[in-house]
Amino acid sequence: MPAQRSAAPVEEASPDALVIRRTMAEIAPIADKVTSYFYALLFVRHPEVRPMFPAAMDTQRDRLLKALLTAAEHIDNTPVLVDYLQNLGRGHRKYGTRPEHYPAVGECLIGALSKYAATVWTPETEAAWVRAYTTISQVMIDAAAVDELRAPAWWQAEVVTHDLRTSDVAVLTVRPDQPYPFLAGQYTSVETPWWPRVWRHYSFASAPRSDGLLTFHVKAVPAGWVSNALVHRARPGDVIRLGPPTGSMTVDHTTASGLLCLGGGTGIAPIKALVEDVAEHGDRRPVEVFYGARTDHDLYDIDTMLRLQQSHPWLSVRAIIDQQAHLQLPDAIREYGPWNEYDAYLSGPPGMIRRGVDALRNSGIPSDRIRHDSVEELVVVGH
Ligand SMILES: NC(=O)C1=CN([C@@H]2O[C@H](COP(=O)(O)OP(=O)(O)OC[C@H]3O[C@@H](n4cnc5c(N)ncnc54)[C@H](O)[C@@H]3O)[C@@H](O)[C@H]2O)C=CC1
């Protein structure tokens, strides 16, 4: 969820929201224990759902609690919550989630919360959680049901090209087995045949193409099962699975404002897609791309970006190399500008996004004109 949409202020919170936040505050320091206990309950009481989860549950654990925290945090902010939960509901189709699984999860969630938030757990607390969970699950179930009428739960996609650009970055092109509608700037989830049910997020590195092919930039990161498989193991002919497209870092074609784009490392992927999108719409809006990398060797896609710059006079691409410039991407934009007439797009490591958002706000861009993917989601992007 983009950072610019902030939670409802505490003073406006409903009684249920207050109760939920109190429970959350209580369990925050022991979140790991709560999550382990929740999954233990779920798998003991409902062993039939175990095969829907990955063999190793490490990242999955954090995901559940993050999703719950986000839902609880926004419980009063209905449009934001509904948007988030609809996406979550659609995204759960690829796991094989059915409506009947939701009550099982709810019962185990309440079991885990009541055990670990015992000091604040009363019949009112339980009632507030039951109401919240009923709302949350119904929005997810409804969104999945609507989605079922128009899209598959997942797509299979055959690797068509695999280009190792550096020792740890690969550019992959894949061909989905059915049409895959998406918007430039969005991302999807990817599962490889070598790590079943382990899904990771990757941004599309091209705007939608007439041949239907999709491109991803993948960096193999330490202990990153999916990223290492995609970079070092995947070959043309291998078949991966894709979830639905998601994300709101898309170009607003109703305005003519300039675009200020910051892409750090493989974060350049969706920025390239955005540039292609602007080019296809034929708008002559200024697009200023800052492409950050640690060394010039890490600028694995600079040739493509410079080629785009040559063909489009409205596009300017600047490479910012930490080691040469002695500064990182967010600092570099301060030296240019002014940026108050621009919409900003950030893509890259979470630290870059956080510092970039601060730098952009300080340079006069209002928060609602700053777009990026959710930093929480990025914790599991690209691993
Ligand atoms: N939609 C998105 O936001 C996307 C995000 N990513 C994420 O981008 C990252 C790319 O990783 P790498 O290529 O290894 O990038 P990296 O760690 O080498 O960083 C690239 C550049 O970002 C800037 N940067 C990095 N950390 C910073 C910090 N704490 N403060 C300020 N600036 C900082 C620096 O200029 C650096 O050269 C991954 O975490 C991946 O998950 C990748 C694709 C899309």
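None of these values were measured; they are calculated from a predicted model.
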Ignoring hydrogens and angles, tell me if any N or O in the side chain of [X] forms a donor-acceptor pair with the backbone of [Y] under 3.5 Å.
X: R90; Y: L85; value: no
X: D358; Y: R355; value: no
X: T188; Y: T246; value: no
X: R285; Y: S257; value: yes
X: N228; Y: W225; value: no
X: Q309; Y: V317; value: yes
X: T173; Y: T215; value: no
X: D177; Y: Q156; value: yes
X: H372; Y: Y345; value: no
X: S363; Y: W339; value: no

query = What do the steps show when you test Y39 against F53 for ring pair (Phe, Tyr, Trp, His ring centres under 6.0 Å), and what is the final call?
reply = CA-CA 10 Å; Y39 280 114; F53 291 86; 5.6 Å; yes
Mind checking whether [X] and [Y] have side chains closer than 4.5 Å, heavy atoms only?
X: H101; Y: H46; result: no
X: Q186; Y: T250; result: yes
X: P313; Y: L315; result: no
X: Q328; Y: R294; result: yes
X: I268; Y: I271; result: yes

Cation-aromatic face contact R197/Y95, 6.0 Å, 45 degrees =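 Not flagged: R197 not positioned over aromatic ring of Y95.
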query = Is NZ or CZ of K33 both nearer than 6.0 Å to the six-membered ring centre of Y116 and within 45° of the ring axis?
reply =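 No cation-pi geometry.
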[X] versus [Y], closest heavy-atom pair with distance:
X: L274; Y: A184; result: CD2-O, 3.8 Å
X: L18; Y: A13; result: CD2-CB, 3.9 Å
X: R175; Y: L213; result: CB-CD2, 3.5 Å
X: D298; Y: Y291; result: O-OH, 4.0 Å
X: E148; Y: R98; result: OE1-NH1, 4.0 Å
X: S14; Y: D76; result: N-OD2, 2.7 Å

Do [X] and [Y] sit within salt-bridge range, that is, some charged N less than 4.0 Å from a carboxylate O?
X: D301; Y: R165; answer: yes
X: E191; Y: R200; answer: no
X: E26; Y: R22; answer: no
X: D16; Y: R131; answer: yes
X: R334; Y: D331; answer: yes

Taking the ring centre of each residue, are [X] and [Y] less than 6.0 Å apart?
X: Y102; Y: Y133; answer: no
X: F38; Y: F43; answer: no
X: Y187; Y: F204; answer: no
X: F290; Y: Y336; answer: yes

For [X], I'd like to know if atom [atom1] has over 12 heavy atoms of other residues, nucleotides or ligands within 6.0 Å.
X: R50; atom1: CZ; result: yes
X: W154; atom1: CH2; result: no
X: E280; atom1: CD; result: yes

request  = Verify side chain to side chain contact (heavy atoms under 4.5 Å, CB included) between S248 and D83, making sure each step is shown before the conclusion.
outcome  = CA-CA 11 Å; S248 56; D83 208 40; over 6 Å; no
request  = Determine, step by step, whether M249 and S347 satisfy the side chain to side chain contact (heavy atoms under 4.5 Å, CB included) criterion, reporting the C-alpha distance in whole Å, the side-chain angles of both residues, the deciding distance to 0.1 Å, and the verdict.
outcome  = CA-CA 9 Å; M249 196 178 65; S347 159; 4.1 Å; yes
Can you see whether [X] engages [Y] through a side-chain donor-acceptor pair at a distance of less than 3.5 angstrom?
X: K272; Y: S206; result: yes
X: S189; Y: Y202; result: no
X: D168; Y: H232; result: no
X: D252; Y: T255; result: no

